[in-house]
Each structure stands twice: as structure tokens, then as C-alpha cells.
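Below is one structure, written out as C-alpha cells, with a few remarks after it.
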Amino acid sequence: MKKVKRLETDVLIIGSEAAGGRAAIEAEKHGFKILIITKGLVGKTGVTIQTGLTINAAMGFRDPRDNPNIHFEDTICSGFGINNQKLVEMVTREVPERVMELVSWGAKLDKDADGKFYQCLQPGMRYPRSFYTRRVGKEIVTGINNKLNKLKNITILKDTFITKLLKYDRMIVGATAINLKNGEFIVINAKSTILATGGAMQMFSSTRASLDATGDGYSLAYRAGAELVDMEFFQFYPNNAIEPELWPGRGGDRARGRAPSLPYHRLHTRFYNKQGERFMRRYDPLRMEHSPRAIMACAMAKEIAQGRGTKHGGVWASIAYLPKNVIDQMLETAPWAAGHIRSVEKWTDPRVNAVEIHPVAHYYCGGIRINEKCETSLEGLYAAGEVTGGFDGSNRMPANAISMCLVTGHHAGKSAAERASILKSMPSIEESQVQAEFDRVFGLLNAGEGPRAYKIKIELQDLMEEYAASWRTEEGLTKVIQWITHTREEVIPKLRLRTDTRIFNMEWKHALEICNLLDCSEMLSRAALMRTETRPAHQRGDYQYPDDKNWWKNIIVKLRNGDMHLETKPIVTTRLKTIEEINKLMKYEAEVEAMQPRWWLP
Amino acid sequence: MVAPISEKKFVAKVFRFDPSKEKEPRYETYEGPLVPQMNVMDVLRYIYETYDNLAFRVSCGGGSMCGICRIKVNGKVGLACTIPATENMTIEPVDKDKVLRDLIVES
Ligand SMILES: Cc1cc2nc3c(=O)[nH]c(=O)nc-3n(C[C@H](O)[C@H](O)[C@H](O)COP(=O)(O)OP(=O)(O)OC[C@H]3O[C@@H](n4cnc5c(N)ncnc54)[C@H](O)[C@@H]3O)c2cc1C
Ligand code: FES
């Protein structure tokens with residue numbers, strides 16, 4: 001092994017954004033040495049900076065009836081009862097404090113004329129709950145970094161890609177990485193390690209999420225033997241404009257959102273299939289287009305799969321049913337809504353025409369299994385943020401992601417610091433693991449003729465989009481799994497790069513990322529194959545109904561004796577002990593929500 | 001989705017430099033289809049996928065959300081994913097003295 005750098009730290013945090021940044025702030029409080037690693041730049045890499053508009057905390061500024069108990073119940077209803085209730089209790093109870101502290105660190109959230117915070121109602125909520133500001137991601141990043149920059153014991157390594165977690169017995173003792181700037185191999189020895197690596201939207205060809213969302217953390221945890229949960233549940237956002245006239249050769253991701261769509265629940269947008277039918281009446285007659293995201297994404301996928309989609313494989317979204325003077329009045333009184341109408345106008349007149357839309361990969365509900373201390377099933381390994389699983393259940397409520405990132409970040413930081421305080425000395429590293437990983441990583445840095453990582457990624461994304469997105473069947477999922485196995489065994493070993501430079505060799509990084517994406521896609525597909533029912537965010541064309549009797553449970557995925565092993569575990573419950581209770585609550589929740597007034601976002 | 005048949009072409013003169021292998025920076029010229037709504041980020045990704053392992057920064061991929069893709073096009077600094085592609089472009093790093101490789105600068 002040439003050129004190896006060795007580092008030691010009390011707490012290693014992989015990921016620097018909403019979850020990782022928050023974890024660092026907490027761990028530092030206890031006086032330990034913290035090392036944060038990001039594969040890009042702080043505040044720019046990952047999904048947090050893209051966070052659109054909203055953060056949930058049940059503080060009742062707009063409706064005093066709202067409180068953490070109702071936030072808890074709504075979250076379970078949105079997750080169709082699959083959620084880990086202990087995690088939901090924790091997040092809903094603690095998030096008000098987390099949001100207020102973020103504000104105290106400099107994040108600006110909008111207030112109404114009365115000086116109180118603005119909170120809006122979104123699908124799945126009984127009462128208005130979402131703190132709001134345009135480009136809330138920028139505010140989150142600002143708040144966290146204002147605080148981080150003031151702390152002494154924190155070192156940040158940017159442009160550094162973690163390739164493997166190091167293990168000693170059942171204990172995680174650090175990780176290996178490469179410095180993307182110069183190709184240096186780094187071995188990090190740590191008492192505690194936190195994974196805060198975000199999602200895996202890049203499994204699919206349709207996504208607006210960052211190109212960095214390649215699911216590295218799921219694969220790192222899986223390869224180390226940790227348990228993952230709910231990997232079949234992937235959220236699609238039911239509203240992205242299709243741009244048929246655009247050139248599709250953009251690395252497979254075809255939903256870069258250049259053509260704007262009409263925000264749906266904030267503009268009273270209606271969805272129609274190709275026959276002009278307002279199809280949501282068959283899926284959620286009470287709430288229609290205000291239904292939870294996963295119900296709408298699955299509805300759209302079903303319309304399309306059953307031949308009722310538009311020419312370009314989507315459905316229609318429209319506000320043209322509103323009289324002209326009503327739209328004019330909105331344009332005058334609601335600048336946010338007006339801004340959207342104006343940007344759509346550049347493409348087509350929304351007063352007259354509908355926009356063609358389709359669902360796009362948005363958020364991974366499943367992830368690394370954690371408890372309320374954010375401990376994983378491996379000693380010394382903690383997880384926070386989108387990379388965790390359990391909180392969302394089968395479908396994430398709008399604005400709940402950041403709430404969960406902040407609260408789990410806080411706990412992961414605290415637990416990691418506690419462990420660092422107990423361990424007297426640095427745990428040992430097995431050098432044979434380091435050598436094996438060095439060989440793997442530098443084995444990929446190999447120039448010549450052969451398959452290219454970015455081409456494999458496009459192939460994977462297209463397959464996943466077709467067979468593992470919002471319309472899944474045994475036949476399709478089996479095809480995906482076979483392709484993944486073949487690619488991993490036959491194609492990856494032959495991968496070649498076009499240049500073997502060690503300086504910002506993007507193809508090398510893409511080669512490492514595709515290995516991770518293959519692991520994530522296999523976990524998703526195998527769990528989806530096992531779950532022989534339909535539950536929003538997991539729609540099976542061959543099992544079209546929910547089966548509470550057999551499937552009110554979680555699927556756990558882990559590596560066992562070199563193979564991907566799946567098993568089921570009972571749902572972790574606190575207050576809602578049976579699925580009957582939850583189903584009753586879901587019905588009630590929908591009724592209350594349906595009666596709420598809706599308004600244009602001002 | 002079917003790729004449009006495009007008559008128009010872009011010609012991009014791109015700054016290239018790998019200090020670990022080359023003494024001097026050079027400019028390389030690449031061609032490709034110029035289609036409606038195409039931006040400079042599309043051009044860079046087209047070059048990466050069609051020609052060579054070009055180094056440039058990208059994260060959110062569009063919509064000027066992350067700001068990581070700052071670049072100089074025809075002498076003007078902006079975000080690659082928001083600058084429209086044109087028939088003739090010179091694409092350079094924001095500061096040629098701070099280049100790590102190709103279009104990536106020390107940040
Ligand atoms: C378009 C869009 C809009 C959204 N809007 C909202 C919203 O309004 N409200 C809401 O609550 N949620 C929203 N979400 C979801 C929310 O933004 C994310 O779930 C959340 O930001 C995830 O934060 P995170 O800290 O877990 O991960 P990220 O922000 O993705 O950060 C991941 C970190 O891990 C690092 N990393 C990853 N892999 C490696 C590796 N191998 N080595 C080293 N470092 C690594 C990255 O560099 C980065 O620092 C939205 C998502 C999208 C895509
Ligand atoms: S890639 Fe994020 S702003 Fe251009």
C-alpha cells in the first residue's frame with residue numbers, strides 16, 4: 001500500500017448536512033474530537049440544500065388544536081401503520097425545540113402579518129403544521145453552519161469519499177476513504193461512527209434529487225452487516241413536468257425540472273388521465289388531489305400502467321377549470337402562486353392548457369434500522385437523517401424529513417459522544433481489512449477499454465424506473481435482481497476508466513458509487529418481491545390490495561454469510577397497538593383533513 | 001422519451017489541465033447537438049458521456065439550488081446549470097490559477 005494517511009478521532013461523522021451537521025454540534029458539546037467527512041463541499045453536496053419549502057413542528061401557531069400527539073398520529077397514518085412508533089414519538093415530541101434552535105442560529109422562516117410563524121397545511125395533516133420559507137434548504141444550511149463554524153473541536157474533510165466501514169468483531173472502529181483531490185487512501189480510526197449520508201434517489205432515472213444521492217450509506221452499513229428496514233418503501237413525488245422535447249442524454253436523470261409543473265395542493269391543481277377523468281376519485285374520493293403523496297404517485301403509476309396515461313407516459317395536471325377572474329385574483333393576491341403560474345406560462349398557458357406530469361423518485365423511506373438512541377444493530381455505529389429507516393413507515397409526510405434529520409442528528413451525536421466517553425482507548429483495526437479495501441478501490445482505478453460506470457448507471461436507472469418504481473410485479477423485480485447479480489459478478493470486475501488520474505477522477509468516483517447503487521437497488525427489489533401486497537409507496541401490480549393480516553410488519557435486510565438475507569419483524573408500537581386502531585384513525589384523519597379550508601400559498 | 005432530431009450543433013472549446021500528467025493547460029474542442037433548453041451543464045455532461053473523463057463539479061444538477069457548478073463561459077462567471085448553451089462557447093474554470101483539474105478549482 002503506497003501513500004496511506006492515518007487519522008484518529010473520537011467521533012467520525014460521515015455526512016455534513018441536516019443530519020450530519022446537527023450530529024456534530026451535539027457531539028462537540030461533550031468536548032470530543034469530531035471529524036466530519038463529506039464527499040463534496042459543505043452546504044452544497046447532498047439533498048439538504050435542495051430542500052424545497054417546509055419543516056414540520058406541531059407548535060400550533062396557526063391552529064392551537066395542533067400538538068405533538070396529533071403530529072404523531074398523522075405521521076403513523078401517512079406511513080400506513082408501518083412506522084416505528086418509538087421513533088415517531090421521539091421526533092414529534094422533540095422537533096419544536098430543534099426548529100426553534102435552528103431559528104436562533106440564524107435560519108429565517110416566514111412569519112405572518114401578526115408576527116407569528118406561518119404554518120401551512122399539507123396532505124396528511126389534520127392541522128396546519130409546516131414552517132415555511134422559499135428555499136428552506138438554504139436556511140437550514142445557514143443555521144447549522146453558523147453554529148458549526150463557532151465550534152472548536154471539529155475538523156471537516158471535504159472532497160473525501162468514504163469507501164468502507166472497518167469492523168472489529170461486531171464493532172465498527174472507523175472507515176476507509178479516498179481524498180478525491182489527490183487519490184490518497186485514508187484510514188480513519190474512530191471510537192464512534194455516525195452515518196448521515198442521505199438518500200439513494202439516483203437508483204431511478206426520474207429524479208430531481210442531487211447527483212450525490214447514490215445511497216453510499218445504505219451500502220456501507222449493509223456491507224458491514226448492519227440491519228436495514230423498510231427498504232421496499234421509496235417515495236415518488238407525484239408532480240414533475242414531462243419535457244418531451246428535451247434531449248434525454250443527461251446521465252439518465254430526465255427530470256431535472258426545467259419545465260415547471262403546477263404545485264398541486266397549493267394551487268388546487270386537479271389531475272386527469274388521458275380520458276379526461278379526474279382519476280383520484282377512485283383512489284381517495286374524500287381528499288382527491290390532497291391525498292398523501294404515495295397514494296397519488298401509486299394512482300398515477302397505475303393509470304399509466306393500465307393504459308390511461310398520456311402520450312409521453314404521464315397524466316395531466318391543470319388549474320384551467322378555475323374561472324379566469326378567479327385566477328386573475330390569485331395572481332394579484334398570492335405572489336408565490338403567481339410566480340409559479342408565470343413560470344409555467346413560458347411553456348404553456350395554464351389558464352387554458354394542462355401540464356403533462358409524472359411521479360419522480362424523491363425520498364427513501366426505508367434505511368438503516370435504528371432505535372431511539374440512533375444506535376444501529378452494530379456496536380459503535382450510529383445513523384441519522386434520510387439514511388435511517390423506520391420513522392416514515394411506508395410513506396413520508398411532507399416536511400417530515402427535515403424534522404427527522406434534526407432530531408435523529410441530535411440523538412446520534414449525543415449517543416456517539418457517550419460511547420466515546422466510555423471507551424478508554426482507541427479500538428484496534430484489522431489491517432487485512434484495510435489492505436483488502438485498498439486493493440478493491442485501487443483495482444477500480446484502471447484505465448483501458450471496458451464497460452463504463454456511467455453507462456451501467458443509466459442502464460440500472462432505466463431498469464429500476466421500469467420495474468421497481470411505483471408499479472412492481474414479480475416478473476419485473478426478478479428481472480432487476482438477475483440483472484444486478486449479473487452486473488455485479490460479470491461486468492463490475494471488467495470496469496475500466498478512460499483515464500487513471502488520481503486528481504478528481506470523476507469516473508473513479510462513479511465506479512465506487514455504482515457499486516453502492518447496485519446494493520441499494522438489490523435491497524429494494526428483494527424486499528419489494530417479498531412484500532406480496534400493495535401499501536402506498538409499494539404498489540404490486542400482481543397483489544393490488546393491502547394485506548394487513550400477513551403484512552403489518554417490517555422487512556429487515558442484512559448480509560448473512562455472504563448473502564442478502566431477508567426476514568420480518570413485528571412493528572415497534574407504543575400507543576397504537578393494532579392495525580385496526582390505525583386504520584380507524586386513518587379514516588378519521590382523512591375526514592378531518594378533508595374538511596379543512598385550503599388556500600393558495602401567499 | 002425520444003431525442004429530438006436536431007439540426008443545430010454546439011461547439012465548445014473547453015479548458016483542460018491535469019497537473020499530475022501535463023505541464024501546461026490546453027483547450028480541447030468538442031461538438032454535439034444543441035437542443036432547446038440545453039444549458040452548459042448539459043454540455044459538460046454530454047462531453048463526459050460522449051468523449052472524455054472531464055472533471056467538473058455538479059450536485060443538485062439544475063435550478064441553481066446548490067451553487068457548486070460555478071464556471072466561466074465566454075468570459076462570464078455563472079452557474080453551469082443555468083447558463084443557456086449556445087452554438088459557440090469557451091468554457092473555463094472560474095480562476096485558472098487555482099485549478100486542481102480541468103474545470104475544478106480549489107474551494
Ligand atoms: C427536491 C427535494 C425537495 C425536498 N423538500 C423537502 C421539504 O420541503 N421538507 C422536508 O422536510 N424534506 C424535503 N426533502 C427531503 C430532505 O431534503 C432530505 O431528506 C434531507 O435533506 C436529507 O438530509 P441528510 O442530512 O440526511 O442527507 P443529505 O443532505 O443528502 O447529505 C448527505 C451527506 O452525506 C455525504 N456523503 C454521502 N455519501 C458519502 C460518502 N460515500 N463519503 C463521504 N460523504 C458522503 C454528502 O457529501 C453529504 O454531506 C426534499 C428532497 C428533495 C430531493
Ligand atoms: S449543480 Fe447545483 S447549482 Fe448547478
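Letters A, B, ... are given to chains in the order of the sequence lines, protein chains preceding strands, and every chain is numbered from 1.
Between B:Glu49 and A:Arg452, none of the side-chain N atoms (NZ, or NE/NH1/NH2) sits under 4.0 Å from a carboxylate O, so this pair counts as no salt bridge. Using a cut-off of 4.0 Å between Lys/Arg side-chain N and Asp/Glu carboxylate O, A:Arg502 and B:Asp18 are scored as not salt-bridged.
For A:Lys138, no part sits under 4.5 Å from any heavy atom of chain B, backbone or side chain. With a 4.5 Å cut-off on non-hydrogen atoms, B:Ile104 touches chain A through its side chain but not through its backbone.
The side chain to side chain donor-acceptor pair (under 3.5 Å) with B:Asn53 is formed by just one residue from the set A:Thr501, A:Thr499, A:Asn505; it is A:Asn505.
In the displayed structure, A:Lys108 atom NZ is contacted under 6.0 Å by at most 12 heavy atoms of other residues, nucleotides or ligands. Atom CZ of B:Arg70 is surrounded by 12 or fewer heavy atoms from other residues, nucleotides or ligands within 6.0 Å.
Side-chain contact between B:Arg57 and A:Lys44 is absent, with no heavy atoms from C-beta onward closer than 4.5 Å. You'll find the side chain of A:Leu211 stays beyond 4.5 Å of the side chain of B:Ser59, heavy atoms only.
Between chain B and the options A:Ile49, A:Val47, A:Leu41, heavy-atom pairs under 4.5 Å are most frequent for A:Leu41. Counting heavy-atom pairs closer than 4.5 Å to chain B, the top residue among A:Asn182, A:Leu497, A:Asp159 is A:Asp159. Ranked by non-hydrogen atom pairs under 4.5 Å with chain A, the options B:Met65, B:Met41, B:Arg101 are led by B:Arg101.
With rounding to the nearest 0.5 angstrom, the OG atom of B:Ser107 is 5.0 Å from the NZ atom of A:Lys158. Rounded to the nearest 0.5 angstrom, B:Ser20 OG and A:Asp500 CG are separated by 8.5 Å.
A cation-pi arrangement is present between A:Arg498 and B:Tyr48 under the rule of less than 6.0 angstrom and at most 45 degrees off the ring axis.
Nearest approach of A:Met506 to B:Ala55, heavy atoms of both residues: CG-CA, 4.2 Å. When every heavy atom of B:Leu100 is checked against every heavy atom of A:Ile503, the shortest pair comes out as O-CG2, 3.5 Å.
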